[in-house]
Protein chains: 2
Amino acid sequence: MQATIQDVAAKAGVSISTVSRAFTRPDMVSDRTRAKVMRVADELDFNISRSAATLKSGRTNRVAMLMNDGITSWFNAATLAGLESVLHPAGYDIALFPHIDTAQTRQRFFETLPIRRNVDAVFVASFAIDPHEVEQLKRAQVPIIGINTPDIDGFDASVSIDDEQGMLMAAQHLIKLGHRHLVYVCADAVHTLSASIDKREQGFRRACETAQANGIALDWQVISVPRDQSALASISSPQALSAILSRLLELDTFPDAICCQADMIAIPLMLRLERYGKRTPRDYSIIGFDDSTYADVLGLTTIRQDPQTMGADAARKALRLIAGKPLDDAHEIAPVSLMPRNTDDVVDR
Amino acid sequence: MQATIQDVAAKAGVSISTVSRAFTRPDMVSDRTRAKVMRVADELDFNISRSAATLKSGRTNRVAMLMNDGITSWFNAATLAGLESVLHPAGYDIALFPHIDTAQTRQRFFETLPIRRNVDAVFVASFAIDPHEVEQLKRAQVPIIGINTPDIDGFDASVSIDDEQGMLMAAQHLIKLGHRHLVYVCADAVHTLSASIDKREQGFRRACETAQANGIALDWQVISVPRDQSALASISSPQALSAILSRLLELDTFPDAICCQADMIAIPLMLRLERYGKRTPRDYSIIGFDDSTYADVLGLTTIRQDPQTMGADAARKALRLIAGKPLDDAHEIAPVSLMPRNTDDVVDR
DNA sequence: TTGAAAGCGTTACCAG
DNA sequence: CTGGTAACGCTTTCAA
């Protein structure tokens, strides 16, 4: 029923070697021969079998992407899109391993190590793996590439933003506008190991402390609420959000500036605050992080990162690593930038 | 370097057949033998090679997912998550084919048919394929499963929502609340073939016409703006949105109810309208479609669909089809439901 | 530029 | 329950 390379070779009157080359090394075959082979192949609905090709060649043409939460999260979806954009054209499939943040999934993965002998590279997106896990991963004997991993120990390559620097930039921006009562709001995962975004708080703290050290009278604090029970919940569950909101409204004096761990927190927060009569930028400034869905159309001032480009960069590094080529910049820091929009303003007194 | 099944067999003192069975048919091997095999396998970092297994078995353990726009769109990401949740545990990889909506990508796909002989099933998400393309796809000789495809001709199975019914429900809800001046807003793709969401307009029209036929004096219209030039743009590009906004504000009398083709339009729209002094539900009611990101936290009344569940259902159907088992419900209509929240209210006169 | 031949590492059939 | 053995459909030297 399904034609094999033999059938094509026979019908085209060439050897199977030639058919193989017509597909994988077109330049090694004369134009005439190749044209004939391709025509016959099409007539016979023939195509090179990946299974056979990968078996013979030793490469699996497959990579794994380990991720913190779900495929649907803004960061993961964008990163995947980036990986896919360079890996697919290069002939690779991407095996997805979502929710490595749940204890069960994570343990099962690192115990059974399903990728062993079956991928050419492993991508780790936005969470940290501990030394023991690094050891396990290394048993797969393939390059390990990190994308926004808090640490680069054990990784053959990585592309990450400087989360701390980004949030520092955000807080400094607000301070420069004249704000003196700053709050940082975040939802921290309970059971999960450290994720890249946990570093953002440090940036906020550093900005405030530096300002104070420079004689600026600043009133600042961090409001941290636990992330929802379920590790599968997004960072901005209704519960987490309500918790943040009430903590904010309980404050003796409402802050004049709010730094949010992520847009996913900033956006619902500013919309909810509106119902309490707090309008931005009239009553307070607010700044997000990520520049994710709706940030532009809502006019949210934020720190922009571009996970799709980061994914594409990471994929290119992987390709080189797989090919055994050297990497001039194994560990790359991707840029973040301030996107000034309409939720921040100078303080006038 | 890498251990093969031979090495494991030798070290465990069994035949390679036994090693193979220990992995793929555990119940056909005695507990003792299996334990020993698995221990040795782990010591040797051995794992069954997919390439070899798929070559020999004839199955590719791979499926393709064709999608309209990008991986990052709310619908596609959720659908993929659903597919993945059942396909991954079953041992399948998912090859992604995004942006089949751009003429170039689409043409290349259907001409080269890269899936031929290399997938066990094909999923088509949320766009229509024409008869010729169906023919091409069929040459792959594998089950074709649709997810929210406008048409089910040529598909072996499908799971879809009733887009028309959903929007009918939305409009009827607003009419029942007493609204008499309704507008439907949508952004329609220019170059793309029909997508499932294009049917929603019909539901709106039918609701209005039916109401009128029943003697309700209704004033209604459809505001349709072209989607952004770039086929890669989301349905709610800033341009499309601005166009909708001005069309709306140009109206002689502002509508008391707005039905939106998607939440992606409703959400930015309601937030922009607020800047023009139009507040919902005080000044008008607005209803979205999808129940996508932020709809809940923003309190947007909408029509809910669950693409993740739909993806999982589609995947289960595919698995049966691949196994040659019959399908009791090849073509399934997934439910939609009205999610009443805070952007709609009864009209008091 | 093309052909012949030797496997790649499994699965599955058939015996025992 | 276990072992022997013949493929599966290619890629890749090596020669011509």
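Within every chain, numbering begins at 1; the chains are lettered A, B, ... in the order of the sequence lines, protein sequences first and strands thereafter.
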Checklist outcome for this item: Side-chain atoms of B:Val14 come closest, of C:dT11, D:dG3, C:dG3, to D:dG3

Checklist entry - In whole angstrom, what separates B:Leu55's CG from D:dA6's C1'? => result 13 Å

Checklist entry - Reckon A:Ser15 has a side-chain N or O less than 4.0 Å from the OP1 or OP2 of C:dG3? => result yes

Checklist entry - Between CE of A:Met67 and CD1 of A:Ile100, what distance do you get to the nearest 0.5 Å? => result 9.0 Å

Item to check | Whole-Å distance separating the CG atom of B:Asn61 from the C1' atom of D:dC8 | outcome: 14 Å

Item to check | Contact residues, residues 18-31 of chain A to DNA chain D [heavy atom, < 4.0 Å] | outcome: A:Ser20, A:Thr24

Next on the checklist: Testing B:Phe110, B:Phe109, B:Phe123, B:Phe127 one by one against B:Phe97 for a ring-ring contact (aromatic ring centres under 6.0 Å, His included), which residue passes?
Outcome noted: B:Phe109

Checklist entry - Taking 4.0 angstrom as the limit, do A:Asp120 and A:Arg59 come out as a salt bridge? => result no

Item to check | N-O pairing of A:Asp42 and B:Arg116 below 4.0 Å | outcome: yes

Next on the checklist: Counting distance alone, no hydrogens or angles: does the base of D:dA7 have a donor or acceptor under 3.5 Å from a partner atom on the side chain of B:Lys56?
Outcome noted: yes

Next on the checklist: Taking only side-chain N and O atoms of B:Thr4, does any of them lie within less than 4.0 angstrom of OP1 or OP2 on C:dC8?
Outcome noted: no

Item to check | Per B:Ala52 side chain, nearest of listed nucleotides C:dT11, C:dG9, C:dA5 | outcome: C:dG9

Next on the checklist: By the 4.0 Å heavy-atom rule, please label B:Thr33 as base, sugar-phosphate, or nothing.
Outcome noted: sugar-phosphate

Checklist entry - Would you say D:dT12 has OP1 or OP2 under 4.0 Å from some side-chain N or O of A:Arg59? => result yes

Checklist outcome for this item: To the nearest angstrom, the CZ-P distance between A:Arg34 and C:dT1 comes to 10 Å

Checklist outcome for this item: B:Asn47 CG to C:dG9 P, in whole Å, measures 14 Å

Checklist outcome for this item: When rounded to the nearest 0.5 Å, the distance separating OG of B:Ser158 from NZ of B:Lys317 is 7.5 Å

Next on the checklist: For the residue pair A:Ser17 / A:Ser20, report whether a side-chain donor-acceptor contact shorter than 3.5 Å exists.
Outcome noted: no

Checklist entry - What is the distance, rounded to the nearest whole Å, between atom CD of A:Gln6 and atom P of D:dC8? => result 9 Å

Checklist outcome for this item: Closest of D:dT5, C:dG3, D:dT11 to the A:Ile5 side chain is D:dT11

Checklist entry - Is it true that atom CZ of B:Arg108 has more than 12 heavy atoms of other residues, nucleotides or ligands lying nearer than 6.0 Å? => result no

Checklist entry - If you look at every strand shown and take non-hydrogen atoms under 4.0 Å, does A:Asp7 touch a base, only sugar-phosphate, or nothing? => result nothing

Next on the checklist: Please classify the nucleic acid contact of B:Ile16 as base, sugar-phosphate, or nothing, using heavy-atom distances under 4.0 Å.
Outcome noted: base

